[in-house]
Amino acid sequence: MMNLGTQELEDWINQMQGDSKKSFNRFRRLTEVITREPEPKVGQTPKEVVWTKNKTKLYRYQPALKKTNKVPILMIYALINKPYILDLYPGNSLIEHLTNQGHDVYLLDWGTAGHEDRHMKLDDYILDYIPRAVKKVLHTSAAKEISLLGYCMGGTMTAIFTALHPYLPIRNLILLTSPIDFEDAGHYSNWLDKRYFNLDQLVDTLGNVPFEMIDYGNKLLNPISNVYGPYISLADRVENEDFVLNWKLMQKWLNDGIPFPGESYRQWISEFYQENKLIRDELYIRGHKVELSKIKANLLNIVATRDNIVLPQQIEPLNDKVSSKNKTLHYVNTGHVSVVTGRKAINEIHPFIENWLTEASI
């Protein structure tokens, strides 16, 4: 095998003709992207910490920017993955878009659960953390009302919180791909069936559930596409620098997961996926019954039609349960993640959310 120096290699490549040279350069670029290039910097919208509780931080974004919308927005994300998907990169950020339009945006970042957090339940996050964050947002913004935006599991938690606090000044509720009805959760209904899935043994053994386990489960929904698809797409479009940047951003986020607190996971699987208590008004959070009909806030409920993590039928029933006079069920032709990031999100979904919020806040 030839042992070429850098200059000799370049000379050899330059002697190639046509497609051979093009193919080699694409392969070299592909290798650079995967093995050598640094990860892109994420979450660049300026922010400040305005409140903390244990590992949780409440961020306020672009605090120096003039706020023209009187109703601040508190974003609440899931207990898995990291919330910077909402502020992925300049020009590709829901948070940046909203703040640039004069909205006062806050984000509740749960932090990374450690072994000492394995006993944290959903009750703790919903009744101890979210209320204090809401109070801090209202005080910091000097506002009389608030908008809540929940994504994925964070939206489920946000809906529960809103139902348990019907007299709080929650003007708007925006939910992005948030499961409410777990009667038919696709493959998850089969995988998590209590007859086959030993939930208690899993949690009692592991404490917190590793991110890798959640990630493998998500990948198994469409294993060929999820495992090999990104690399095939990269190889096909590696000469497109915009695509390469977005590819690196998504791979960074998808592989940057965090542990799922054990007791919250036990509760999430047993009371939601296995027993479907929320939609049936059978869920109790620290002794308080959760009735979705008590939600009166203006509701924007977004369904991603190509989502295989949260299926449309898990989202749609909420609109029939709430008491909101202004309620919108909005469908977008995207997947679970591309509802907040990517070209369609930038050009269509972000502006739609902003316009809806502005109109609903007047």
Are any side-chain N or O atoms of Trp51 and backbone N or O atoms of Ala133, one a donor and one an acceptor, separated by less than 3.5 Å?
no

Might you work through the side chain to side chain contact (heavy atoms under 4.5 Å, CB included) test for His336 and Tyr151, ending with a clear yes or no?
CA-CA 10 Å; His336 187 74; Tyr151 180 24; 4.3 Å; yes

Any donor-acceptor pair under 3.5 Å from Ser361 side chain to Thr358 backbone:
no

When you compare the side chain of His119 with that of Asp124, does any pair of heavy atoms fall below 4.5 Å?
no

Any donor-acceptor pair under 3.5 Å from Gln267 side chain to Leu122 backbone:
yes

Take atom NE2 of His330 as the centre, draw a 6.0 Å sphere, and report whether it contains more than 12 heavy atoms from other residues, nucleotides or ligands.
yes

Quick check for you: to the nearest 0.5 Å, what is the distance between Glu39 atom CD and Asp256 atom CG?
7.5 Å

Looking at every non-hydrogen atom in both residues, tell me the closest pair between Phe211 and Gly257 and how far apart they are.
CD1-CA, 3.2 Å

Gln201, CD: over 12 other non-hydrogen atoms inside 6.0 angstrom
no

side-chain hydrogen bond (donor to acceptor under 3.5 Å, both in side chains) between Asn226 and Tyr216, worked out:
CA-CA 10 Å; Asn226 289 333; Tyr216 291 154; over 6 Å; no

Donor-acceptor contact present, side-chain Ser189 to main-chain Asp184, <3.5 Å
no

When rounded to the nearest 0.5 angstrom, what distance separates CG in Asn333 from OG1 in Thr305?
4.0 Å

Donor-acceptor contact present, side-chain Arg171 to main-chain Ile362, <3.5 Å
yes

Check the hydrophobic clustering (I, L, V, M, F, W, Y; side-chain heavy atoms under 4.5 Å; chains of links allowed) and say if Leu58 and Ile85 are grouped together.
no

For Lys294, does the NZ atom sit with more than 12 other heavy atoms under 6.0 Å from it, leaving out its own atoms?
no

Checking Asp87 side chain against Ser93 main chain: does a donor-acceptor pair fall under 3.5 Å?
no

CD1 on Ile160 to CG on Leu292, rounded to 0.5 Å:
8.0 Å

Please test Val244 against Arg29 for side chain to side chain contact (heavy atoms under 4.5 Å, CB included), starting from the C-alpha separation and ending with a verdict.
CA-CA 10 Å; Val244 170; Arg29 179 73 183 118; 3.9 Å; yes

Is it true that Leu108 and Val71 fall in one hydrophobic cluster, defined by side-chain heavy atoms closer than 4.5 Å?
no

Gap between atom CZ of Phe161 and atom CD1 of Ile126 - 0.5 Å precision:
9.5 Å

Step through the shown structure and confirm whether more than 12 heavy atoms of other residues, nucleotides or ligands are within 6.0 Å of NZ on Lys252.
yes

Keeping the roles fixed (side chain from Asp117, backbone from Pro261), state whether a donor-acceptor pair exists under 3.5 Å.
no

Counting only heavy atoms not in Phe243, do more than 12 sit closer than 6.0 Å to its CZ atom?
yes

Ion pair Asp204/Arg266, N-O distance below 4.0 Å
yes

Should Val134 and Val105 be counted in the same cluster of Ile, Leu, Val, Met, Phe, Trp and Tyr side chains packed under 4.5 Å apart?
no

I would like to know whether Tyr89 and Asn246 meet side-chain hydrogen bond (donor to acceptor under 3.5 Å, both in side chains); could you show each step before the answer?
CA-CA 9 Å; Tyr89 197 76; Asn246 289 324; over 6 Å; no

Examine distances only and state if a side-chain atom of Glu32 and a backbone atom of Glu37 form a donor-acceptor pair shorter than 3.5 Å.
no

Do Lys121 and Ile285 have side chains that get closer than 4.5 Å, going by heavy atoms?
no

Return the orientation label for the Phe272 and Trp268 ring planes: parallel under 30°, perpendicular over 60°, tilted otherwise.
tilted

Using side-chain hydrogen bond (donor to acceptor under 3.5 Å, both in side chains), reason through Thr140 and Tyr106 one step at a time and then give a plain yes or no.
CA-CA 10 Å; Thr140 304; Tyr106 298 76; 4.6 Å; no

In terms of hydrophobic clustering (I, L, V, M, F, W, Y; side-chain heavy atoms under 4.5 Å; direct or indirect links), are Tyr59 and Leu148 co-clustered?
no

Minimum heavy-atom distance between Asn81 and Leu254, given as atom pair plus value:
ND2-O, 4.3 Å

Among Tyr77, Phe260, Trp110, the one residue meeting ring-ring contact (aromatic ring centres under 6.0 Å, His included) with Tyr125
Trp110

Heavy-atom side-chain contact between Leu300 and Phe352 under 4.5 Å
yes

So which atom in Arg132 and which in Lys53 form the shortest heavy-atom distance, rounded to 0.1 Å?
CD-CD, 4.3 Å

Using a 3.5 Å distance criterion without hydrogens, assess whether the side chain of Lys277 forms a donor-acceptor pair with backbone atoms of Glu271.
no

Heavy-atom distance under 4.5 Å between the side chains of Leu234 and Ile34, does that happen here?
yes

Go through it in stages, so that I can follow the logic: the residues are Leu176 and Ile353, the test is side chain to side chain contact (heavy atoms under 4.5 Å, CB included), and I'd like the CA-CA distance, side-chain angles, deciding distance and then a yes or no.
CA-CA 10 Å; Leu176 308 178; Ile353 293 172; 3.9 Å; yes

Just by distance, with hydrogens left out, do Gln101 and Asn69 show a side-chain donor and acceptor under 3.5 Å apart?
no

Smallest separation among heavy atoms of Asn222 and Asn308, with atom names
CB-ND2, 4.0 Å

Side chain to side chain contact (heavy atoms under 4.5 Å, CB included) between Met213 and Leu202, worked out:
CA-CA 11 Å; Met213 178 178 171; Leu202 173 71; 3.4 Å; yes

Check ion pair Asp128-Arg286 (N to O, under 4.0 angstrom):
yes

Do Leu127 and His288 come within less than 4.5 Å of each other through their side chains, counting heavy atoms only?
yes

Within 6.0 Å of CZ in Arg280, more than 12 heavy atoms from elsewhere
yes

Pairing of Glu212 and Lys219 as salt bridge, 4.0 angstrom limit:
no

Can you name the closest pair of heavy atoms from Ala297 and Ser324 and give their distance?
O-OG, 2.5 Å

Smallest separation among heavy atoms of Lys67 and Tyr61, with atom names:
NZ-O, 3.1 Å

CG of Asn319 to CD of Glu316, rounded to nearest 0.5 Å, is 9.0 Å

Would you say Lys296 has more than 12 foreign heavy atoms packed within less than 6.0 Å of its NZ?
no

Answer yes or no: is there a side-chain heavy-atom contact under 4.5 Å between Leu299 and Leu175?
yes

Check whether any side-chain heavy atom of Glu354 lies under 4.5 Å from a side-chain heavy atom of His97, and answer yes or no.
yes

If I take atom CD1 from residue Ile279 and atom CD from residue Glu183, how far apart are they, to the nearest 0.5 angstrom?
10.5 Å

Is Arg118 reaching over with its side chain to a backbone N or O of Asn208, donor-acceptor style, under 3.5 angstrom?
no

Ion pair check, Asp104 and Arg60, cut-off under 4.0 Å
yes

Min side-chain heavy-atom separation Gln274-Ile269 under 4.5 Å:
yes

